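Accompanying notes for the structure given below.
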Amino acid sequence: MLLTRLAQVSRDVAATAARSRKTALLAELFREAEPDDVPIVIPYLAGRLPQGRLGVGWKVLSRPVPPAGEPTLTVREVDALLGELGKVSGPGSQAQRVRLVGELMGAATEEEQRFLLGLLTGEVRQGALDAVAVEGLARATGADPAAVRRAVMLAGSLQTVAQALLGEGPGALDRFRLTVGRPVLPMLAHSASSVAEAVEKLGACAVEEKLDGIRVQVHRDGDTVRVHTRTLDDITGRLPEVTAAARELRGERFILDGEVISFDAAGRPRSFQETAGRVGSRTDVAKAAGEVPVSPVFFDVLSVDGTDLLDLPFAERHAELARLVPEPMRVRRTVASGPGDLAEAERFLAETLARGHEGVVVKALDAPYSAGRRGAAWLKVKPVHTLDLVVLAAEWGHGRRTGKLSNLHLGARTPDGGFAMLGKTFKGMTDAMLAWQTERLRELAVEDDGWVVRVRPELVVEIAYDGLQRSTRYPAGVTLRFARVVRYREDKRPEEADTVEALLAAHPEVEP
DNA sequence: CTTGTCTGCCC
DNA sequence: ATTCTGC
DNA sequence: GCAGAATGGGCAGACAAG
């Protein structure tokens, strides 16, 4: 199949609003694909590369290459070239990558270049990724969409399922059962703004501590232990403590879901930055583990001794978990039978925060494990802080925000009467706010380099954030975690904005 | 060898 | 990660 | 309620440049 077909369909999908129509367009293309093209075409149209990341990013792709006049590239040629690209490493590899990308782009038409660019940067912007591709795949093969979706969750890979389905038909879906050793997409949580709201929505529920670490899925099959991240990356080699802990458990075959976090000598959780740095270390694991040891803390079990527990209610899964995993290796929790137990749930949240953790996750006791979904059965509750900050600059948006000033540079007051930048945010703005701030900031503009518009520091904005982090990039030595706009404070003058000093005082646990 | 740039992947 | 938007 | 878009910050590691 020619790449130009994919580029056309991608463009058509992008131009279509209705998901049903996007699905139909994808299904039509999938039906056309020859068997050998399938494992390439499907991931490409889901906006992902079968090889995963290639060490090619914005910098390499930003060099313009004159496009070809006629479309001649086949998807298999592209796949072969990208496969090569993924393999280059060592001295001179950067130049080699630039050369290979140049070769590929030079053989592509303008439309194909656009498509490849989106694919390589992971920003296809066609309003269709895995989920729509799954629907399209189901329609192309006549399979039940729910069955295809479930197979993809259990296989942890769209590509694998697509190949089996197109090669063998709907019968192949039965093969994708929960298997120890094969990671499945983890269940995710929604947010709630208070424990009361969460308990109200869920009824009988468990309230569990939320640890600020790295999500892990641990598989043990006899002596073999594998540890995977939220995106199913295999990080077994970086976490010897987790492997050892899994081997100590009495079960021989199981899949556990939990968090990995580092505690200090006093048993207090280390900062997310410390835990994440440790988990990210792979060149000298023994040394990293000596300095920052980590512990697994589990909260769910998906499989024990060959039994798939996914469809059991959480209450029953947790009973299995308690049988398999000793208490110190499980998250702390309390159970609420409904809004009547709200006081206990709130006491538990307060205690959890006092112990240095991030918040709680409230989980419906009757809910199954919805692999790969952000189910409404899990609601996380974290304290939210707010500040009044001053907009120092804004960046021009992209995609659906083209032509709008979007990403705000936020400043807090300093003792000298100036402002220290604390970070940026583009979150929390409605389209109306986006339009309003674009106009307002334009009036305040003092400089526009085509990317950043610097403004007079006069506009005050209320910002919500989850906490402070140390920063080497920003002048105050700290930055806001997950900053988002709440509302503009036109009633406030910049001299009334919050100060760096007050911010630091409010977060004594973070040292700049 | 040191420093800076880029990428990928955690949240 | 969080939030908004269209389906 | 789901799925997707838009875009944040830190950190480790691989290379490039000096």
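Each chain gets a letter, A, B and so on, in the order the sequences are listed, and its residues count up from 1. Every value quoted in this text rests on a predicted model; they were computed, and no experiment measured them.
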**Study point:** Sugar-phosphate only, base, or nothing, as touched by A/Ala276 at under 4.0 Å among non-hydrogen atoms
**Key:** nothing
Check your understanding: Listed by chain and number, what are the side-chain contact (heavy atoms from CB on, under 4.5 Å) partners of A/Pro475, not counting sequence neighbours?
Key -> A/Ala420
Point to revise | Quiz item: cation-pi between A/Lys210 and A/Phe299, 6.0 Å / 45° | key: no
Exercise for review: Please name all residues satisfying side chain to side chain donor-acceptor pair (under 3.5 Å) with A/Ser406, sequence neighbours left out, ordered by chain then number.
Suggested key: A/Arg401
Check your understanding: Just checking A/Lys424: base, sugar-phosphate only, or nothing, at a heavy-atom cut-off of under 4.0 Å?
Key -> sugar-phosphate
Check your understanding: Are the aromatic rings of A/Tyr474 and A/His409 close, with centres under 6.0 Å apart?
Key -> no
Practice item. Pick base, sugar-phosphate or nothing for A/Val279, based on heavy-atom distances below 4.0 Å to the nucleic acid. Key: nothing
Check your understanding: Which residues in residues 468-490 of chain A have at least one heavy atom lying under 4.0 Å from any atom of DNA chain B?
Key -> A/Arg481, A/Phe482
Study note, to complete from the structure: For A/Ala143, the side-chain contact (heavy atoms from CB on, under 4.5 Å) test, sequence neighbours excluded, returns A/Thr141, A/Val148, A/Leu165, A/Pro170, A/Leu173
Review point. CZ of A/Arg442: more than 12 outside heavy atoms within 6.0 angstrom?
Key: no
**Study point:** Contact residues, residues 207-215 of chain A to DNA chain B [heavy atom, < 4.0 Å]
**Key:** A/Gly213, A/Ile214, A/Arg215
Revision key, fill the gap. Across all chains, not counting sequence neighbours, the side chain to side chain donor-acceptor pair (under 3.5 Å) partners of A/Gln217 are A/His219
Practice item. Kindly say if A/Gln273 contacts the phosphate of D/dC11, meaning a side-chain N or O under 4.0 Å from OP1 or OP2. Key: yes
Review point. Any side-chain N or O of A/Arg19 under 4.0 Å from OP1/OP2 of D/dA3?
Key: no
**Study point:** DNA chain B-proximal residues of residues 46-54 of chain A, any heavy atom under 4.0 Å
**Key:** A/Arg53, A/Leu54
Practice item. Please work out if A/Thr275 contacts a base, only the sugar-phosphate, or nothing of the nucleic acid, heavy-atom cut-off 4.0 Å. Key: nothing
Exercise for review: Have a look at A/Ala128 and say if it touches a base, only the backbone sugar-phosphate, or nothing, with a 4.0 Å heavy-atom cut-off.
Suggested key: sugar-phosphate
Practice item. Could you list the residues that satisfy side chain to side chain donor-acceptor pair (under 3.5 Å) with A/Gln96, not counting sequence neighbours? Key: A/Arg99
**Study point:** Short side-chain N/O contact from A/His190 to OP1 or OP2 of D/dC2, under 4.0 Å
**Key:** yes
Review point. When we call it a touch if two heavy atoms are under 4.0 Å apart, what does A/Thr425 touch: a base, just sugar-phosphate, or nothing?
Key: nothing
Check your understanding: Does any pair with a residue in residues 47-60 of chain A pass side-chain hydrogen bond (donor to acceptor under 3.5 Å, both in side chains), and if so which ones, sequence neighbours excluded?
Key -> A/Arg48-A/Asp130, A/Gln51-A/Asp79
Point to revise | With A/Asp234 via salt bridge (Lys or Arg N to Asp or Glu O under 4.0 Å) - residues at least two apart | key: A/Arg226
Review point. What are the bounds, 5' to 3', of the part of DNA chain B that sits under 4.0 Å from heavy atoms of chain A?
Key: B/dC6 to B/dC11
**Study point:** Close residues, residues 360-386 of chain A, relative to DNA chain D [heavy-atom separation under 4.0 Å]
**Key:** A/Arg373, A/Arg374
Check your understanding: Pick the nucleotide of DNA chain D nearest each of A/Phe272 and A/Ser93; which residue has the one closer to the 5' end?
Key -> A/Phe272
**Study point:** OP1 or OP2 of D/dA6 under 4.0 Å from side-chain N/O of A/Asn407
**Key:** no
